[in-house]
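In what follows, residues are counted from 1 in the order of the sequence shown. We count ligands from 1, going down the list as the structure has it; atoms in each ligand are counted the same way.
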Amino acid sequence: MSKETQKVKKQDKDISLNDMDSLEFSEWYGEILETAKIYDLRYPIKGCGVYLPYGFKIRRYSFEILRDLLDSTNHDETLFPMLIPETLLAKEGEHIKGFEDEVFWVTHGGKNELDVRLALRPTSETAIYHMMKQWLKVHTDLPFKLYQTVNTFRYETKHTRPLIRLREIMTFNEAHTAHSTKEECEAQVKEGMYVYSSFFESLAIPVLISKRPEWDKFPGAEYTTAYDTIYPDGKTMQIGTVHNLGQHFAKTFDLEFETAEGEKDYVYQSCYGISDRVIASIIAIHGDKNGLVIPPKVAPIQIAMVPLLFKGKEEIVLEKSNELYDKLKKFARIELDTRDIRPGRKFNDWELKGVPLRIELGPRDLENDKVMIFRRDTNEKFDVAIADLTAEYLVDLMETVTSDMAKKAYDAFLGHIEILNIEGIDNESLVETIKEALNNRKVVLIPFDEKLYNEEFEEQIGASILGECEFEGTKYISIAKTY
Ligand SMILES: Nc1ncnc2c1ncn2[C@@H]1O[C@H](COS(=O)(=O)NC(=O)[C@@H](N)CS)[C@@H](O)[C@H]1O
């Protein structure tokens, strides 16, 4: 910031969520969705809920960033039917085995029973790859890269949670690609990872990237790379996955093409998916006990202006406020709060809704051509000359807020990671040490060891092996309690 600023107030009591256990955190999470008017889960079907306008805007701005990233890496946006005939869904053995307990079926059209049951898509591989068969003939039809943002359906038997474990996944952004060689497909998986890493970075959400173990990869995939973030209660949330499908689906769907050399081969495929869990994570990772803290890029309201209407000064304060509002509304999403309630009530409302910046316009400050700015991420206040409140000043300030939020989130993330040195430790005490760390809201990294990388060990520790991950240049097995 150009001007010397005076830090007036810093939040004294600790309002971070990081000391909450799972129960307290899930209470906080459920409450905030309602009080900040993000989402209404009172819809009469379990696992289904309604995006309220404020929450819908966060969703819209967030997925616009993802859309831009996919468009700028030459993915074409498309739209496929929601219904998939059972004959198609069941074509790839592992795929249907992985989803058969989760599929919603449509069996009737009106009073007529359908001769073939129709699935509500749990994901769209089988719908899309059936059409790829019509489209992909020769190597010049490749690479083929598409995506769609749709609702998908999974009959989740574990308890459902709003935006986290849905039965109707309302914002399922899925990308599907096809390539002429294994190497090109590998490169595409890396590009998909670049898109997801950039997306999470723009939302200041820290992630651990793990290659899922064989027994927990996407049904029908060669391998799955997953993005896990860590919630305040120390449990991890899988917020994105990138799969290398190899030629499994291509062979099942007979996606043969003519190579440049005039031979026949099956295409090599990848797919990657992200859902509403991203919205849940913006709320969970950045929120504090005063409410939401929304990264400016996706904040429905970026600046709340609060005129302080002291007796006898209302006129001048409102006049200056409207003047400043008209100037700033051109380059920020801004709300002028002229409600006839106490300023303290207004401050609490905007802090609850996570508005990144608040401008307070007091009569004395205005006489000196100054205003007070409050930063929601640091809860600090400082004064700024009105003349300095330019577009670039605000853009720069919002950039600073975003990078400070990223640093703060990353510090909390690191605080949840415990690297265990397991030199010479016997299996029994290793299990105990891991359990103790997990109960202390930690994600545990142990140096990679084939002997421990199995479901038996997962059983012993009573938690999930997230997979193989690189952390600060070393390869580990990542272990956590998960959502
Ligand atoms: N029930 C659910 N509610 C909300 N999000 C979910 C649910 N199930 C999965 N997800 C999210 O959706 C992402 C993609 O789902 S997936 O099964 O891992 N991968 C696929 O479906 C692939 N076809 C890539 S599109 C997951 O990483 C997870 O973040």
Atom indices of ligand 1 within 4.0 angstrom of Arg165 heavy atoms, with elements: 3 (N)

His95-Phe249 aromatic ring centre distance below 6.0 Å: yes

A cation-pi test, strictly: NZ or CZ of Lys235 under 6.0 Å from the centre of the six-membered ring of Tyr483 and no more than 45 degrees from its axis. Yes or no? yes

Taking only heavy atoms of Glu156, which atoms of ligand 1 are found under 4.0 Å from at least one of them? 1 (N), 2 (C), 8 (N)

Ligand 1 contacted by Ile164 (non-hydrogen, < 4.0 Å): yes

Between Phe413 and Tyr410, is the ring centre distance below 6.0 Å? yes

Which of the numbered atoms in ligand 1 are under 4.0 angstrom from any heavy atom belonging to Ile239? 29 (O)

Do the ring centers of Tyr453 and Trp215 come within less than 6.0 Å of each other? yes

Indicate, with yes or no, if the rings of Tyr268 and His179 have centres closer together than 6.0 Å. no

When you measure from atom 7 (C) of ligand 1 to every protein heavy atom, which one gives the shortest distance, and what is it? Ile169 CD1, 3.5 Å

Is it the case that the ring center of His75 lies less than 6.0 angstrom away from the ring center of Tyr272? yes

So for ligand 1, is Glu125 a polar contact partner (N or O within less than 3.5 Å, distance only)? yes

Between Phe218 and ligand 1, which residue portion shows a heavy-atom distance shorter than 4.0 Å: side chain, backbone, both, or neither? side chain

Could you tell me, atom by atom, which parts of ligand 1 come under 4.0 Å of a heavy atom of Gly240? 27 (O), 29 (O)

Taking the side chain as everything from C-beta on, heavy atoms only, tell me whether Glu125 gets closer than 4.5 Å to Phe218. yes

Would you mind telling me if ligand 1 is within reach of the side chain of Thr241, the backbone, both or neither, using heavy atoms under 4.0 Å? both

Of the listed options (Ala175, Gly273, Pro162, Ala221), which comes nearest to atom 13 (C) of ligand 1 when hydrogens are ignored and any heavy atom counts? Gly273

Should the pair Arg358 and Phe347 be classed as cation-pi, given the thresholds of under 6.0 Å to the six-membered ring centre and 45° from the axis? yes

Are any of the heavy atoms in Asp276 under 4.0 Å away from ligand 1? no

Could you find the nearest protein heavy atom to atom 3 (N) of ligand 1 and give me its residue, atom name and distance? Leu166 N, 3.0 Å

Test of ring centre spacing under 6.0 Å for Phe144 and His176: no

Quick note on ligand 1: atoms under 4.0 Å from a heavy atom of Gln238 include exactly 18 (O), 26 (C), 27 (O), 28 (C), 29 (O)

Top protein contact for atom 19 (N) of ligand 1, by heavy-atom distance: His243 NE2, 3.1 Å

Students should be able to answer this: which protein heavy-atom is nearest to atom 11 (C) of ligand 1, and at what distance? Ser275 OG, 3.5 Å

Establish, for the pair Lys297 and Tyr61, whether the NZ or CZ atom is under 6.0 angstrom from the six-membered ring centre and no further than 45 degrees off its axis. no

Can you tell if the side chain of Tyr51 reaches within under 4.5 Å of the side chain of Thr171, non-hydrogen atoms only? yes

Could a heavy atom of Phe172 be found less than 4.0 Å from some atom of ligand 1? yes

Between Arg154, Arg167, Glu174, which one has a non-hydrogen atom sitting closest to atom 21 (O) of ligand 1? Arg154

With only distance considered, is Cys271 within less than 3.5 Å of ligand 1 through an N or O on each side? no

So for Thr152 against ligand 1, with non-hydrogen atoms under 4.0 Å, the contacting part is neither

Answer yes or no: is there an ion pair linking Lys97 with Glu100, defined by an N-O contact shorter than 4.0 Å? no

